[in-house]
Amino acid sequence: MPGPKIGVYVCHCGSNIAGKVDMDALREFAAELPDVVVSRDYKYMCSDPGQDLIKADIKEKGLERVVVASCSPRMHEPTFKRACQDAGLNPYLMEMANIREQCSWVTEDGEAATQKAKALVHSAVNKARHLEPLEDKTVPVDPKTLIVGGGIAGIEAALKIAEAGKEVYLVEREPSIGGNMAKLDKTFPTLDCAACILTPKMVSVAQHPNITLLTYSEVEKVEGYIGNFEVTIRKRARSIDEKLCNGCGTCQEKCPIKVPNEFEEGLGMRKAIYTPFPQAVPNKPVIDRENCTYYKTGKCKICERVCPPKAIRFDQEDEIITEKFGAIIVATGYQLFDPSVGPQWGYGRYDNVIHGLQFERLSNASGPTGGKILLKDGSEPEAVAILHCVGSRDTNYAEYCSRICCMTSVKFAHLVREKTNAKVYDLYMDMRTFGKQYEEFYNRVVAERDIYFIRGKGAEVMQDPETGKLLVRVEDTLLGVFREIPVDMVILNAAICPRPDAQEVAQKFGIQRSADGFFLEYHLKLEPMKTANDGVFIAGTCQSPKDIPDTVGQGAGAAAEALKVVFAGQVTVTPTTAEVRDTLCSGCRICIPLCPYNAITFDEAKGVAQVNEALCKGCGTCAASCPSGALRAKHFDNRQLYAQIEGVCAE
Amino acid sequence: MSETKTKDAARPKGAGEAKPDFVFFPGCSLHSTAREYHDSTVQSMAVLGITLEELDDWNCCGATALSSADSLLSYALPARNLAMTQERGLPMAVACNSCFVTLNRVNALMETDAPYRSKVEETLKAIGRRLDGPVEIRHTLHIIYHDVGLDRIREKVKRRLEGLKVAPYYGCQIARPRHEFSDPEFPTEMDDILEAIGAEVVRYDRKTKCCGGALMTTKEDVVLELNEQLLREAQVRGADLIAVCCPMCQMNLDAYQGKINSRFGTDYKLPVVYFTQLLGFALGLDEKAMGFGRGFVPAGKHLKKYA
Amino acid sequence: MTQAGSPKSQAAAGEGWEPKVVAFLCNWCSYTGADLAGISRLKYPANLRIIRVMCSGRVSPAFVLKAFHEGADGVLVGGCHPGDCHYLEGNYKTLKRKLVFERLLEQFGIEPGRFRLEWISGGEGDKFARVAEELVKTVRELGPLGSTAERLGRADGLALRAEGGGGNA
Amino acid sequence: MPEAKKKLKLALYWAASCGGCDIAVLDIDEKILTVAELADIVLWPVALDFKYKDVEALADQSVDVCLFNGAVRNSEQRELAELLRQKSKVMVAFGACACFGGIPALANQFDRESIFRRVYDTTPSTDNPGRVRPQTKLSVPQGDLHLPEFYNAVYKLDDVVEVDYYIPGCPPPPELVWEAITAIVEGKLPPKGSTLAGERSLCHTCKRKKEDKKVTAFHRVHEFVPDPEKCLLEQGIICSGPVTREGCGERCLNANMPCRGCFGPTPEALEHGASMLSAAATLVEGKEEAELAEVLDGIVDPLGTFYRFTLADSLLRIRNKSLGLEEKAEEGEEAAS
Amino acid sequence: MEQAEAKTLEVIRQDAFDPAKFLEELDAFPGVDKIKNCMQCGVCTASCPLSHEMKETPRKIIEMIRAGMRDEVLASDTMWYCASCYACTVRCPQGISMAEVMYALRTIALRTARNLSAAFYKTFSDTVRRYGRMHESDLMIRFALRTNPLSLLKMGPLGLRMLAKGKMSLSVPTPIRGAKEIGKLYEKVAELEGGA
């Protein structure tokens, strides 16, 4: 019985594939396979002329199936599906063989690669023979976007979407938006103050009619899929009536409880009722119930007494908000590496060993010292050491480069010199000044008086037990000598790390993490904001360490991705779902509890299981457990997979 | 460590009925220069309910000296001890830091580096022995800390060494390269044990800085310098004595203290004792049995008030 | 790497024999991980051929048997790490099947090293390459398994009429 | 039953099987008389004395129907299968052994040598000091004696000859046998290659109450008396009903015993044993590997459980090691000692 | 900083060195790997208690190895200062076990070296071979005899005090029961190493 007419298209991908795999041999091999009526190779099959080859053959030779041997289907499957569709062939009758990522790029030997490519093409042709036409379905998209994380990435994304006229929910865990950037003093390379450039954006977020700002809130649950995410958000009780509160701050003045302020990185204090910093948005306090005397003992209520508009609400409860969203942007930021993990650096052991964000707070005019760089005892340091790569580029901790530390160090050196008379020693392994105007900035600072750059990694910070001075030990690797540098303050430029709850967040949003723990983008270069979960995008330092310009760029980029979804108004959902063949189903009900989406139900009248295709995501788990073979995973059915197995195993 | 072990340790032992908890590898020093370490370790652990059985016919682990002289031999020699321990079917306890690191080095090899591993196995085969994978090797300090536990130590203390200021000096090879201790550079296990027996532990930042070890033989000048620094910090921090857990450290700091004083014009009189001597003493064991008299710098005056 | 074996040499454990390994990879994690190995230009033996499924949960144990039946010498199933499944928990289903299936394979006399279930995330290109390398190495050491037809042929010299059996697909 | 113009010529053969299938033919009771009216039996070793040469003498295609029961274990059975195929218009694989290898095929976990060692050497009742083994050829003064060759594996009938119809079951239930005979007589046969039983799985006709399935522990039948109203799988008993073709009349289920799968897989099931294994394993709830393993270890002997009747029909067919004969011999020795 | 002595720049003719060969030689030692990954950060040097005594810092030794300067590396004093404290090893950001590198260098150097350290390690090895265990007095006396017999006099006072404290014994040590095994072990090692 003659099978469907199959055309095979082998792509050279320039030399990416052709440089390893013998194109002629592969093309000829494919031509010999049963049902193959045409087999061609071409330099770039994804190019217009390449696609035209396929289209012409579909029309002229009446092809019924198309096999493209090229890159990963994750790359160009949509391209070739479209080409088939344009030529009148159902796009689900196209199958790809991945002979680049999984063959030419990973195989040393050309002959072996050719052999493997043949097997992969054979497998694809086998599967193609059994393919069936499927129709895409579309579902409407909710026009709202959810943004998780109110740092600069989330803020940027929210504003862009709002300004484009679409509705945004911005959810932030802390009482104020602003993220880590709000803690910074000056920003490199221009040295403008972070607050000066960030605060206006924060205010715009609060004021924009298209933005619903939910601070002190967390996403609890995410269900659904692109265009139709159903999200549960817990808005924690601030214990104040936000409508009545005018942000006067009287409560904070009078509150008797003092606790370390997280925002000040342990260097300053706050009250039990507080806004984390003066420019907070919204500028309304929260009561930290863990530390508030009233919640502990039932007494106090001073804030309630002093509040002019009577806005304190001790009995306020958490609010649960459920909302539908078309797209989600995750911008949850980073966590600084805890340098006490490596006690050799002295952090946590010596008072005047601080990390980068602590220095930012010291240097910040609104910080605990009013912008003065002071030692713990209140005196000014005479010498300061700055250590790069604390935890970064270190297989003991984080293997990757944190990218911003070199520039931050240069900035710190400058700020120390600007505000004190201290000598500055900057201990670097390599100076990586990769951004626009960064090298220029470095060149400026390097020339400043009493700033000394030493090429060598700070190995250890000791204290002279007699003088109390800190001793930094380093090899000056350019001289090949050992140096012990006495200083009063050590600034550790610690690594940018994934947040400690990154795994939990990743699971909640159905995204993955790369080996370094950051969220995984769909494609490192070409799809940096997309994730494997359609409709969920990532931006900023939750994806990898970044400076502010890059973070802002990604925030805007993610906004574009989200807008693409919500403006389209509808999304295509895959027709590759499961189906029950009624005449084969005996109603054993094994499949029903297997479906995580509850897409399978039991039809009592017919005595068979049935699949709700709108709910089914097409994982095929049910098909693999259906003993009688009544459940079929469309596009990945038993016949197709058996044929593929035969193909890869054939000689 | 497993709970079972803790239970075992706590279990009262009738005469002869109990299987020992560990095979004990004393190492050469504990049989010669560091006999007080040997005696105080075995005796105080017995009080704490841990029985050690000396590994029969053990041989020198080769120390780091052999690692430097002959790579294969430096694995083969300690491997014989591990093979015999495996035959005995018990985990191994080690008190000497140098032995500890050397034996662990073989363990590490047993888990990795296949081609070299088979070479070592071949040498064992030549003497009719074999080693199947790594052997559980425990430092006695770690056993006391984990398997006995601080609570049990506190319970058993007869003489609380209240007011005795001790600088805990671990040496380098106990926690490095990376063993079972809390941190390779700033372990705290000995600190906690000393506190549990009532002593005041002084801050000692050099707690794992090197004493120079065997280099005292070949590079005496510079090694004396290292030891001078170690003594200096202990003195500055106000320590009455230094507690150690390694025979080499003890020897360098104690036996050479006089030489250091004459070289650097200092006047250190810091007794250097094994932590187990203090532990045993606190547990009520006899001062003499703990071998306090064997040190070059006498420790007696600091212990008088507790006796 | 020598070449992936010429048609005839594979039948017997001759010098030219090259193991065949079939890998069923889930689209979201392991297939992406394999793509990442490619993008990173990591090298691993060409003996391993990938079949894409949407979820490791789709991999019926029969697919694995089918691969061995067709002459595969080793089979890899790759899924997302526990908790990371794109379909919430398909990989747990795979794990459950594996726990019984492994014992079945052993009863069939398939050495444990020939079948592997691995959790490989989209970020673990290096792990994928390592697993591929290890699996091919193991299978190479175990030697050829041969297709069912070959094995029966070796057993009784019978050329079976309807080679295939079992598979109703 | 309509009057046939000409009497059918019927052959029945018994290969590697217990003989139950032959009895099953008699189980159609008084209808056997109708059969006798309708058909001339040309071969039925269990009941009538025919010699091979009588069969050889028949003209090709002269037998209308051959009901072949039993699997193919040795060369004699194979030769007969081939001979009967040659002489018959319609070849029916009759019973689970002919269809899928049946119980005898469980021996595919062992090769000839280890079976012989067990049977001729190591069973406690064996007294065989000379370690005498069956030989295919033995010369005696009177001439050469031949015995059939015992194969390393058990084969199903369609491995060696083309089969036109399959009647599964251990043994096939009388109703099915009668239906088949009727269909043959009436010439109302489905397309060749068909199985003369239902298309869905046994759950379709099983009357037990079924709910959404979740299992917390697996049990074996001797461990407790299951609720006769409830699905056995839901009670933790491995029942192959969901994967096994319907048509048996639920004889086992009615006796409160689980289906063991003698009707073989449904037409769209991938593989009888593996499919049931896959289904059974996923019924267990939980995510912790250690806990799961504990529950799933309750499924003892997966091969014997899931391939009880269909090992010769499986994808892998035989235990791989049964091929390296020497290697196997050593193993057998160990097992024996 | 000390004033560096004026010195002409060294010229290295790279074709005189074979870095790959030296790396291979070191690669044969277990635990010696990743040398090529060294970032030259100097943490090893700065962590070393004795690096200030060395002519070449540990970091520089790695770079010299990578340049293939075998003779120069083996002639350096760096490895003889290693006290096996492993500070470098635990801190190395690339996970290089510098201590193992030092052991390897010593082992290679000992095949030809004739310095004080070499004598010590050889004596040590001999003692263990003889008795199966180490005996300080025996070791020290033999070491002194091998190197500088006069040093025995210098060691005298300490030795006497050690004797007095029972920390040393002058009695002739008895070999362990398994001394024969130890001997065989040495022989086998020699046989295997000889092949190498």
Side-chain angles (χ1 to χ4, degrees), chain B residues 28-29 31-35 57-60 62-77 80 101 105 108-109 112-113 116-117 119 122-123 126-127 129 172-173 176-178 184-185 208-215 217-219 222-223 226 251 255-256 259 294-296, chain E residues 28-31 49-50 53 79-87 89-91 97 99-100 102-104 106-107 110 116-118 120-122 124-125 127-128 131-137 140 143 158 161-162 165-169 176-179 181-182 184-189 191-193:
Chain B
C28 307
S29 300
H31 269 216
S32 55
T33 54
R35 270 208 334 259
D57 204 44
W58 56 270
N59 60 270
C60 173
T64 47
L66 265 189
S67 313
S68 311
D70 186 316
S71 177
L72 184 54
L73 199 58
S74 76
Y75 285 100
L77 273 179
R80 176 176 178 267
V101 82
R105 197 163 162 258
L109 179 73
T112 56
D113 223 310
Y116 202 86
R117 177 181 165 170
K119 236 175 166 181
E122 212 177 314
T123 59
I127 58 167
R129 298 190 187 272
C172 15
Q173 296 178 335
R176 290 195 294 264
R178 275 184 206 282
E185 305 206 30
T208 69
K209 294 290 175 210
C210 186
C211 73
L215 289 190
T217 324
T218 54
K219 310 272 183 203
V222 291
V223 172
L226 295 182
M251 170 79 89
Y256 288 84
K259 215 167 197 172
R294 283 168 53 86
F296 284 63
Chain E
F29 292 85
L50 293 164
E53 297 289 336
M79 62 268 199
W80 303 112
Y81 276 103
C82 174
S84 309
C85 80
Y86 292 93
T89 302
V90 294
R91 288 184 186 167
S97 177
E100 292 291 347
M102 292 300 153
Y103 294 152
R106 286 183 190 173
T107 304
L110 270 183
L116 194 64
S117 307
F120 173 74
Y121 296 121
K122 280 182 176 146
F124 187 103
S125 181
T127 309
V128 175
Y131 307 113
R133 291 183 192 164
M134 220 252 291
H135 291 274
E136 274 90 354
S137 48
M140 295 322 289
F143 173 55
L158 181 58
R161 289 175 64 201
M162 302 249 308
K165 291 279 178 188
K167 287 190 173 253
M168 222 176 181
S169 140
I176 62 167
R177 278 203 324 285
E181 268 185 49
I182 302 294
K184 263 197 223 155
L185 209 59
Y186 269 73
E187 275 166 34
K188 185 72 189 173
V189 165
E191 176 198 322
L192 289 171
E193 299 276 76

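Worth saying up front: this structure is predicted, and the values here are computed from it rather than measured. Order of the sequence lines sets the chain letters (A, B, ...), proteins ahead of strands, with each chain counted from 1. Computation of the quantities below employed the complete heavy-atom set of this structure, encompassing side-chain atoms and omitting hydrogens, waters and symmetry-equivalent molecules.
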note = Per-residue tally against chain E (heavy atom, under 4.5 Å) across B:Lys209, B:Arg105, B:Gln173 peaks at B:Arg105
inquiry  = For the OH atom of E:Tyr86 and the OG1 atom of B:Thr208, what is their distance to the nearest 0.5 Å?
reply    = 14.5 Å
message = As an exercise: rank E:Lys188, E:Lys184, E:Arg177, E:Glu187 by heavy-atom pairs under 4.5 Å with chain B and give me the winner.
response = E:Arg177
Heavy-atom check, side chain of B:Leu73 versus side chain of E:Ser125, under 4.5 Å = yes
inquiry  = Quick check for you: to the nearest 0.5 Å, what is the distance between B:Leu66 atom CG and E:Tyr103 atom OH?
reply    = 11.0 Å
note = One option among E:Thr127, E:Val90, E:Leu110 has the most heavy-atom pairs under 4.5 Å with chain B, and it is E:Val90
key: Heavy-atom side-chain contact between E:Pro30 and B:Tyr75 under 4.5 Å   = yes
request  = Answer with side chain, backbone, both or neither: which region of E:Val128 has an atom nearer than 4.5 Å to a non-hydrogen atom of chain B?
outcome  = side chain
query = Using non-hydrogen atoms only, which part of B:Glu185 is less than 4.5 Å away from chain E: side chain, backbone, both, or neither?
reply = side chain
inquiry  = Between E:Ala104 and chain B, with a heavy-atom cut-off of 4.5 Å, which part of the residue counts as in contact: side chain, backbone, both or neither?
reply    = neither
query = Top residue by heavy-atom pair count (under 4.5 Å) with chain E, among B:Cys28, B:Cys172, B:Pro177?
reply = B:Pro177
ask   = What distance do B:Glu122 atom CD and E:Leu192 atom CG have between them, rounded to the nearest 0.5 Å?
value = 5.0 Å
key: Atom group of B:Arg294 that falls short of 4.5 Å from chain E, counting heavy atoms   = both
inquiry  = If we define contacts as heavy-atom pairs under 4.5 Å, which of B:Ala214, B:Gly213, B:Ala126, B:Cys211 has the most with chain E?
reply    = B:Ala126
query = When rounded to the nearest 0.5 angstrom, what is the spacing between CD1 in B:Ile127 and OH in E:Tyr186?
reply = 12.0 Å
query = Between B:Lys219 and E:Glu53, is there a side-chain N and carboxylate O pair less than 4.0 Å apart?
reply = no
message = Between E:Ala28, E:Pro49, E:Ala99, E:Ala179, who has the most heavy-atom pairs with chain B when the cutoff is under 4.5 Å?
response = E:Pro49
query = Checking E:Glu100 against chain B: side chain, backbone, both or neither under 4.5 Å from a heavy atom?
reply = side chain
task = Taking the side chain as every heavy atom from C-beta outward, state whether B:Trp58 and E:Ile176 have any pair of such atoms under 4.5 Å apart.
result = no
pair B:Leu77-E:Ile182: side-chain heavy atoms closer than 4.5 Å = yes
note = In terms of heavy-atom contacts, E:Phe124 and B:Gly62 come closest through CE2-O, 3.4 Å
inquiry  = Do B:His31 and E:Met134 make a side-chain contact, defined as non-hydrogen atoms from C-beta onward lying under 4.5 Å apart?
reply    = no
key: Over all atoms of both residues, closest heavy-atom pair of E:Gly178 and B:Asp57   = N-OD2, 2.7 Å
query = Roughly how far apart are B:Asn59 CG and E:Glu181 CD, rounded to 0.5 Å?
reply = 8.5 Å
task = Measure the spacing between OH of E:Tyr121 and OG of B:Ser74 and express it to the nearest 0.5 Å.
result = 12.5 Å
4.5 Å side-chain heavy-atom contact, B:Cys60 and E:Tyr131 = no
query = E:Val189 and B:Ala76: which non-hydrogen atoms are nearest, and at how many Å?
reply = CG2-CB, 4.1 Å
ask   = chain E heavy atoms under 4.5 Å from B:Leu215: which part of the residue, side chain, backbone, both or neither?
value = side chain
ask   = Is B:Arg176 reaching over with its side chain to a backbone N or O of E:Ser84, donor-acceptor style, under 3.5 angstrom?
value = no
request  = Measure the shortest side-chain to side-chain distance between B:Leu226 and E:Leu50 over non-hydrogen atoms and say whether it is less than 4.5 angstrom.
outcome  = yes
